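The next block holds one structure in the form of structure tokens; read it before the comments.
Convention: sequence-line order gives letters A, B, ...; per-chain numbering from 1. Bear in mind the structure is a predicted one, so any value in this text is a computation, not a measurement.
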Protein chains: 8
Amino acid sequence: MEDSVNTDILVGIIMGSDSDLDIMSQAAKTLDEFGVANEVHIISAHRTPDVMSDYGATAKERGLKLIIAGAGGSAHLPGMTASHTPIPVIAVPIKRENHGHEAFWSNIKMPPGIALATMPENGAKNAALLAIEILALNDESLAAKYDEFRKNQSQAVYDIDDELQTKGWQKYLEEK
Amino acid sequence: MEDSVNTDILVGIIMGSDSDLDIMSQAAKTLDEFGVANEVHIISAHRTPDVMSDYGATAKERGLKLIIAGAGGSAHLPGMTASHTPIPVIAVPIKRENHGHEAFWSNIKMPPGIALATMPENGAKNAALLAIEILALNDESLAAKYDEFRKNQSQAVYDIDDELQTKGWQKYLEEK
Amino acid sequence: MEDSVNTDILVGIIMGSDSDLDIMSQAAKTLDEFGVANEVHIISAHRTPDVMSDYGATAKERGLKLIIAGAGGSAHLPGMTASHTPIPVIAVPIKRENHGHEAFWSNIKMPPGIALATMPENGAKNAALLAIEILALNDESLAAKYDEFRKNQSQAVYDIDDELQTKGWQKYLEEK
Amino acid sequence: MEDSVNTDILVGIIMGSDSDLDIMSQAAKTLDEFGVANEVHIISAHRTPDVMSDYGATAKERGLKLIIAGAGGSAHLPGMTASHTPIPVIAVPIKRENHGHEAFWSNIKMPPGIALATMPENGAKNAALLAIEILALNDESLAAKYDEFRKNQSQAVYDIDDELQTKGWQKYLEEK
Amino acid sequence: MEDSVNTDILVGIIMGSDSDLDIMSQAAKTLDEFGVANEVHIISAHRTPDVMSDYGATAKERGLKLIIAGAGGSAHLPGMTASHTPIPVIAVPIKRENHGHEAFWSNIKMPPGIALATMPENGAKNAALLAIEILALNDESLAAKYDEFRKNQSQAVYDIDDELQTKGWQKYLEEK
Amino acid sequence: MEDSVNTDILVGIIMGSDSDLDIMSQAAKTLDEFGVANEVHIISAHRTPDVMSDYGATAKERGLKLIIAGAGGSAHLPGMTASHTPIPVIAVPIKRENHGHEAFWSNIKMPPGIALATMPENGAKNAALLAIEILALNDESLAAKYDEFRKNQSQAVYDIDDELQTKGWQKYLEEK
Amino acid sequence: MEDSVNTDILVGIIMGSDSDLDIMSQAAKTLDEFGVANEVHIISAHRTPDVMSDYGATAKERGLKLIIAGAGGSAHLPGMTASHTPIPVIAVPIKRENHGHEAFWSNIKMPPGIALATMPENGAKNAALLAIEILALNDESLAAKYDEFRKNQSQAVYDIDDELQTKGWQKYLEEK
Amino acid sequence: MEDSVNTDILVGIIMGSDSDLDIMSQAAKTLDEFGVANEVHIISAHRTPDVMSDYGATAKERGLKLIIAGAGGSAHLPGMTASHTPIPVIAVPIKRENHGHEAFWSNIKMPPGIALATMPENGAKNAALLAIEILALNDESLAAKYDEFRKNQSQAVYDIDDELQTKGWQKYLEEK
């Protein structure tokens with residue numbers, strides 16, 4: 001992972017398996033849209049525990065401000081990474097069809113003393129938005145972009161309702 | 001709430017009822033220990049919805065960096081507050097004896113677009129620690145205090161194990 | 001939403017997203033069949049919180065007698081709307097394939113003081129029927145239509161059983 | 001039950017056992033406070049099914065506008081009563097210590113065609129408030145009382161927060 | 001239902017909707033295979049409550065020994081039928097894809113005083129087998145058939161294992 | 001267990017541990033009240049599996065008509081006993097404070113081919129009533145006693161409601 | 001089962017039905033890859049209880065060191081087999097689409113006194129790995145193979161991450 | 001932990017906090033009774049992650065044959081320890097009053113590749129018994145002790161049933 005020592009990278013996105021990449025890449029995509037430099041790595045808490053420890057332990061000195069960690073099943077990656085670093089770690093529990101909420105429970109029951117910010121199941125986009133909110137506390141330009149995002153998001157709802165009022169719900173449903 | 005317009009206050013701690021205060025005050029206590037100025041308010045999403053909207057909408061301009069919101073039952077307070085503000089909101093689901101996980105589910109299922117950092121049930125202390133991790137990203141002195149806290153926390157475990165080895169578990173249990 | 005100020009409209013049907021419209025439109029359809037004027041709007045508790053507050057706060061003066069609110073996920077829309085209006089609010093938790101019961105828990109755990117009438121998951125038709133039962137308390141013509149509906153509903157079961165007795169279950173199943 | 005044919009009584013409160021009376025009497029108490037005449041009966045869906053059928057079937061002609069039905073365990077009373085009457089039935093699932101959510105599931109999964117307005121577990125007070133909201137649709141005096149109730153409820157939260165600001169949370173907690 | 005007054009019929013199979021017939025007909029099929037005369041009816045607890053009461057109340061005098069009742073959702077049919085008859089009632093909770101266990105909870109939590117024999121979800125075949133075990137207590141010929149059934153059932157497992165030993169699991173799986 | 005070969009005994013009541021006896025003895029007590037001879041044994045599926053097999057395999061020849069089996073935790077006793085006998089087995093899942101529904105799930109998911117009649121958690125009384133309903137199918141005297149029991153049970157509810165009407169709920173609650 | 005008395009066979013793999021073979025054969029496949037001789041049998045706790053008792057009771061004398069038992073539904077096979085043998089039994093709960101966690105609960109709640117090592121749902125591969133870890137305690141050659149396996153497993157994660165860094169996540173996802 | 005390098009010690013018992021010692025010491029007590037040397041340590045996955053990694057990584061060379069790991073809440077200790085060692089790890093999920101099954105889910109959902117033998121919640125005694133079963137595979141003297149233990153355990157059930165038959169259940173319950 002030597003090539004990831006990049007002082008511009010603010011957010012590390014890690015996940016236990018490349019089968020999680022379809023979901024976790026939504027965090028990278030959202031950060032990219034806001035211009036927040038990030039790196040994406042596959043790190044398994046159980047199969048490569050020493051890489052995980054190392055990633056957490058060196059995160060701050062490598063310039064990372066936040067880590068977004070996604071994992072399914074026993075999902076030890078987010079909490080164990082948090083144990084190795086003082087920077088905020090955001091957990092994304094991965095839940096596939098026919099799964100229960102196990103990844104979720106594993107993330108959300110951290111003991112007092114080690115904080116972990118848990119997102120909705122598969123909530124990689126919201127993980128990125130929380131990262132942006134945090135970084136925006138000290139970045140006015142990013143804060144402005146985020147305000148714009150929130151406004152557009154509201155406007156999209158107004159537009160949909162306008163279209164619904166114009167067409168009536170029967171026609172709206174048919175054309176959807 | 002006019003007296004809360006205090007530019008020094010960085011974290012707002014709100015909760016739906018004073019019956020939540022025994023738990024939520026642990027966040028205030030932890031922030032106090034780290035020297036992070038905070039305010040504590042009772043705001044009900046359902047009984048005082050306009051106060052809640054207003055609190056969220058003015059939080060940033062009043063200088064708040066983060067809001068920690070605790071609520072039980074339907075627990076709409078954290079998510080609705082997040083809808084009104086661009087600063088990070090940390091949710092603490094309140095769970096009492098004989099409760100199910102309802103507060104938790106209400107917090108954790110926010111839709112894509114509005115982020116909420118959910119803590120363990122009754123995890124007010126961890127909410128404060130996450131707030132500290134976030135504020136420490138731009139406050140070296142706070143970061144140093146937090147490193148110290150983490151070191152002491154580890155040391156406490158070493159000390160307990162040392163005592164256990166010295167005494168043996170039988171005697172340790174008897175004297176506990 | 002200025003065009004929705006229609007004194008004839010008795011029931012407002014609102015939902016958090018147009019992805020809920022396939023389910024929620026069943027309420028509109030049922031009300032239409034009984035001749036009860038209604039309006040349908042997309043209002044997001046989290047993305048357009050001020051529209052929601054406003055919709056609730058003005059509902060009574062605009063002549064609405066009841067609001068039917070559907071939402072999935074954290075599902076804050078029904079309870080928050082109820083917080084803003086004195087007229088009855090009927091909640092329809094939206095549950096899609098692979099969802100848990102989160103929308104449901106968020107609706108059903110309202111605190112003492114703010115009532116919300118929760119329907120089955122995706123129970124938009126029953127929401128409309130409850131609205132009709134309520135409006136029929138002061139509308140003899142509507143009450144008569146509702147009695148007729150209930151009688152027909154019973155008769156449909158008798159007819160099915162008659163057909164089953166005539167054909168035998170083997171043939172009934174084959175032809176189904 | 002001949003003595004219950006009372007034309008002034010608008011709301012019938014029924015429950016499966018007198019062990020439910022401590023909870024269900026909160027509905028009666030709330031209705032009494034708003035001056036809404038009501039009757040309270042013990043009717044068991046399983047032990048006195050014919051009384052239940054009869055109660056439902058005659059409710060409207062006896063002048064009842066609404067029925068509030070509470071039951072625990074299998075909790076068939078509310079849904080079965082609804083099957084026998086065209087007036088709105090409000091269900092209160094009773095949940096005791098060490099119970100699961102069975103009463104709740106039994107109430108909330110009514111099939112399309114028979115509506116039931118389900119309240120929170122043990123939510124007898126909210127059942128009464130919903131009844132009041134419904135009756136207030138055609139009773140201006142009751143509507144005014146209900147507005148007053150809602151205002152007072154909000155004020156109580158403001159007062160608590162004021163006290164908290166004055167005292168600080170440490171002192172507030174000690175004196176509680 | 002006049003044509004069902006048949007003194008030879010020992011088991012009544014009822015269900016809330018013809019959508020349950022694919023599952024519940026497995027009970028009829030099993031009973032037929034054992035030569036136990038049975039009748040199959042669609043009776044809805046909520047849409048035809050009086051038919052249900054009547055069916056239960058007259059079951060014994062019509063010569064029925066047992067009732068097998070299947071229902072999904074709120075699933076009040078089995079328990080309410082049991083309330084109207086002294087003969088044993090066997091409940092089959094119907095569970096479809098994406099359903100929770102609601103039908104089950106509604107069946108299994110009958111109060112002390114009214115017994116209901118609950119089967120596995122969709123366990124119509126086992127319901128028939130229990131009926132056969134009960135009827136066989138006083139029918140030696142049926143008891144002998146049932147012993148034969150159980151022996152054949154064991155033998156089928158022996159045969160499968162023999163085939164598996166002969167082929168090896170790789171080939172067995174390929175040919176399956 | 002040689003002394004239990006008693007031709008008069010119709011019902012065997014077995015349980016996994018004497019810690020279940022407080023609950024399971026309610027079945028014996030109810031059967032005693034109806035004059036149905038029964039025996040009570042402690043048999044552990046896991047600690048005395050051969051006794052269990054033997055008890056099931058010899059039950060019919062020893063004259064037993066039914067077995068009521070109660071167990072907590074993994075609760076294999078009822079289903080395994082059913083595997084060894086052709087007579088009906090009634091399962092009583094034992095659930096103590098702080099337990100989940102494990103005993104229940106273990107009982108209720110028997111595979112097609114081996115029937116088990118599952119009762120409510122701790123439903124030993126209903127297990128006895130089901131046994132009585134089954135035995136009464138061929139015992140007119142027992143059937144008459146059971147009818148009387150059901151009538152008295154209904155009357156008890158009428159009496160309670162009468163007392164409630166006379167006293168009013170306030171006084172009724174105070175004196176309870 | 002006479003042909004299974006093979007002194008070389010160390011692990012017995014049993015399951016309740018050949019419908020479990022697709023999952024349970026993964027245990028056989030993994031053991032084969034490590035050169036651990038094993039046998040595979042279909043044994044039903046409920047349909048062939050005596051075969052099960054016998055299999056457990058003779059396992060040790062036949063030279064087996066471990067039994068891996070898989071079952072779905074009520075899943076009594078693993079725990080009951082453990083009751084008949086002093087060698088370790090590893091349970092694999094089988095969970096199919098639309099199943100709940102019943103097999104799991106039935107395995108995991110064994111009473112104090114009879115141990116059962118429960119694996120993840122459908123975790124037949126891990127069952128084999130645990131068996132290998134146990135056998136490797138006294139087999140240096142097997143221990144060396146297992147170390148190699150673990151190293152390769154780690155290396156596979158490094159390789160995936162290397163590929164991801166080289167390609168970038170967009171290209172990696174497209175080509176997957 | 002230098003004093004724990006003891007070649008005689010075969011089983012390491014570790015737990016996340018001394019609040020788990022009352023439960024986990026039951027494993028030590030059981031091992032002591034069978035004469036199996038063991039060590040007991042407090043090691044926190046989250047507060048002392050490096051100690052945990054080290055403990056796992058050196059376990060085999062220090063002569064340990066097995067590790068029993070207990071933890072509550074997020075309960076990462078057992079699975080993470082397993083990730084660092086090739087010897088078997090037995091997990092004991094700790095569950096206190098008012099807890100959910102979180103510790104359990106965190107233990108039981110390990111990914112394919114890293115095995116973990118999960119015990120019942122609070123099942124420290126069974127963890128020790130499984131350890132004994134494993135060690136007894138190569139220790140005839142221990143195997144003999146374990147057979148004796150199992151026989152005594154069965155005898156205890158026979159004795160209780162004998163006492164119950166002699167006294168009758170009424171007297172047995174009174175004297176208990």
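At a heavy-atom separation below 4.5 angstrom, chain C is approached by no residue within residues 23-38 of chain B.
Between C:R47 and B:S83 the shortest side-chain heavy-atom distance does not fall below 4.5 Å. Side-chain contact between C:Y172 and C:T166 is absent, with no heavy-atom pair separated by less than 4.5 Å. Using a 4.5 Å heavy-atom cutoff, the side chains of C:D20 and C:V92 are not in contact.
Side chain of C:S74 to backbone of C:H76: no donor-acceptor contact under 3.5 angstrom is found. A donor-acceptor pair is defined here as one N or O able to donate and one able to accept, closer than 3.5 Å; no such pair exists between the side chain of C:S106 and the backbone of C:E102.
Contacts of C:A75 with chain B are made by backbone atoms alone, with heavy-atom separations under 4.5 Å and no side-chain atom involved. For C:P112, the part lying under 4.5 angstrom from a heavy atom of chain B is the backbone only.
Counting only residues at least two apart or on different chains, the side chain to side chain donor-acceptor pair (under 3.5 Å) pairs with a member in residues 125-145 of chain C are C:E133-C:Y146.
Ranked by heavy-atom pairs under 4.5 Å with chain C, the list B:K109, B:M110, B:M80 is led by B:K109. Ranked by heavy-atom pairs shorter than 4.5 Å toward chain C, the options B:A45, B:G113, B:S44 are led by B:A45.
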### Task
Using the side chain to side chain contact (heavy atoms under 4.5 Å, CB included) rule, take C:L135 and C:L66 through it: C-alpha gap first, then chi angles, then the decisive distance, then the call.
CA-CA 9 Å; C:L135 295 170; C:L66 290 147; 3.9 Å; yes

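Between C:K176 and C:E163, none of the side-chain N atoms (NZ, or NE/NH1/NH2) sits under 4.0 Å from a carboxylate O, so this pair counts as no salt bridge.
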